[in-house]
Amino acid sequence: MGRRRRALGVDFDMTLAQAMVGRNFADCAAMVRARYSAEYPVAALLARWHATYDGIVEREGLTLKPGIEELLAWLEGHAVPRAVATSTRRERARAKLSRTSLLPRFHELVGGDEVPQGKPAPDIYLEAARRLGAMAGTCLVLEDSEPGVRAALAAGMMPIMVPDSHPPSADLVAIELLVLPTLHEVLRHLAALPE
């Protein structure tokens with residue numbers, strides 16, 4: 001077992017938290033329920049988790065990934081349709097994007113609460129493509145999590161992983177997934193592609 005933390009007077013295995021990265025709220029709740037007994041306070045834990053995160057954001061603000069401004073400017077300059085497809089609930093995602101002034105730079109937003117199955121199922125990416133009026137096979141996905149990469153692959157899209165807190169697993173490395181360390185590198189990669 002991984003490190004354990006005490007929350008709400010109960011144990012919580014932090015390796016489970018790592019496995020929850022990139023998954024929607026319903027899937028995270030199901031993962032906690034599967035790990036612990038029926039009496040485990042799943043709703044209270046996830047509410048506390050969100051409240052803690054919101055408190056950090058209120059104190060420290062949201063940090064944009066370096067290179068996002070330049071990448072978006074390049075995509076805009078090439079009239080590339082853009083969508084955010086996030087495991088975060090739509091309204092929470094909308095608030096974050098608004099707070100960082102990024103919301104108007106995307107044509108569509110699909111939240112994890114708007115699709116039947118969360119990542120690694122392809123639903124969220126297929127819905128984003130549908131809303132953009134794009135064929136899935138023509139879509140490029142920038143992802144920071146393994147469930148997201150797997151969702152993009154399942155949707156028939158081309159993922160580029162830009163790892164955030166977790167490097168790609170050996171399984172993802174084995175499929176020769178394109179992994180770039182920063183959005184600056186993504187921009188260099190895209191700009192070098194033939195038109």
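Throughout, numbering of the chain's residues begins at 1 and tracks the sequence. Since the model is a prediction, treat every value here as computed from it, not as a measurement. The analysis underlying the following values was restricted to heavy atoms, covering all of them including side chains, and did not include hydrogens, waters or symmetry mates.
Shown here is Met158, whose CE atom has no more than 12 heavy atoms of other residues, nucleotides or ligands within 6.0 Å. Counting non-hydrogen atoms of neighbouring residues, nucleotides and ligands closer than 6.0 angstrom, the CZ atom of Arg105 exceeds 12 such neighbours.
Residues Asp144 and Met161 are not in side-chain contact: their nearest non-hydrogen atoms beyond the backbone lie 4.5 Å or more apart. Between Val80 and Leu140 there is no side-chain heavy-atom pair separated by less than 4.5 Å. Residues Thr86 and Val110 fail the side-chain proximity criterion, which asks for heavy atoms closer than 4.5 Å. Under the 4.5 Å side-chain criterion, counting only non-hydrogen atoms from C-beta, Leu187 is not in contact with Leu75. At a threshold of 4.5 Å between non-hydrogen side-chain atoms, the residues Leu177 and Pro159 count as touching. At a threshold of 4.5 Å between non-hydrogen side-chain atoms, the residues Ile160 and His189 count as touching. Between Leu190 and Leu71, the closest side-chain pair of non-hydrogen atoms falls below 4.5 Å. The side-chain heavy atoms of Glu108 and Arg130, taken from C-beta on, include no pair separated by under 4.5 Å.
What you find for Ala93 and Thr88 is that their closest heavy atoms are N-CG2, 3.7 Å. Taking each heavy atom of Cys139 and Ala134 in turn, the nearest pair found is SG-CB, 4.0 Å. Looking at every heavy atom in both residues, Ala136 comes nearest to Met157 through O-CG, 3.1 Å. In terms of heavy atoms, Ala155 sits closest to Pro122 at N-CB, 3.5 Å. Nearest heavy atom pair, residue Leu132 against residue Arg82, reads CD2-O, 3.8 Å. Taking each heavy atom of Lys119 and Ser87 in turn, the nearest pair found is CD-OG, 3.5 Å.
Side chain of Glu127 to backbone of Ile124: no donor-acceptor contact under 3.5 angstrom is found. At distances below 3.5 Å, not a single donor-acceptor pair connects side-chain atoms of Arg99 with backbone N or O atoms of Leu62.
No salt bridge links Glu143 with Arg150; every basic N to acidic carboxylate O contact stays at or beyond 4.0 Å. Salt bridge status for Glu70 with Arg188: absent, with no side-chain N to carboxylate O gap under 4.0 Å.
In the hydrophobic clustering of ILVMFWY residues, with side-chain heavy atoms under 4.5 Å counting as a link, Val162 and Val173 come out apart. Taken together through direct or relayed side-chain contacts under 4.5 Å among Ile, Leu, Val, Met, Phe, Trp and Tyr, Val186 and Val179 form parts of separate hydrophobic clusters. A single hydrophobic cluster is not seen to contain both Val84 and Leu126; linkage of ILVMFWY side chains at heavy-atom distances under 4.5 Å, directly or through other members, places them apart.
Taking CG of Leu178 as the start and CG of Leu172 as the end, the distance is 12.0 Å to the nearest 0.5 Å. Taking NE2 from His166 and CG from Asp164, the interatomic distance works out to 8.5 Å, rounded to the nearest 0.5 Å. Taking CZ of Phe106 as the reference point, atom CD of Glu76 lies at 8.5 Å (rounded to 0.5 Å). Taken to the nearest 0.5 Å, the CD1 atom of Ile68 stands 8.0 Å off from the CG atom of Leu142.
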### Message
Quick one, Thr138 with Met135, criterion side-chain contact (heavy atoms from CB on, under 4.5 Å). Give me CA distance, side-chain angles, the key distance, then yes/no.
### Response
CA-CA 6 Å; Thr138 66; Met135 295 184 60; 4.3 Å; yes

### Task
Assess whether side-chain contact (heavy atoms from CB on, under 4.5 Å) is satisfied between Leu153 and Ile175, documenting all intermediate values.
CA-CA 11 Å; Leu153 290 168; Ile175 64 168; 3.5 Å; yes

### Derivation and outcome, side-chain contact (heavy atoms from CB on, under 4.5 Å), residues Glu91 and Lys96
CA-CA 9 Å; Glu91 286 313 309; Lys96 287 180 186 181; over 6 Å; no

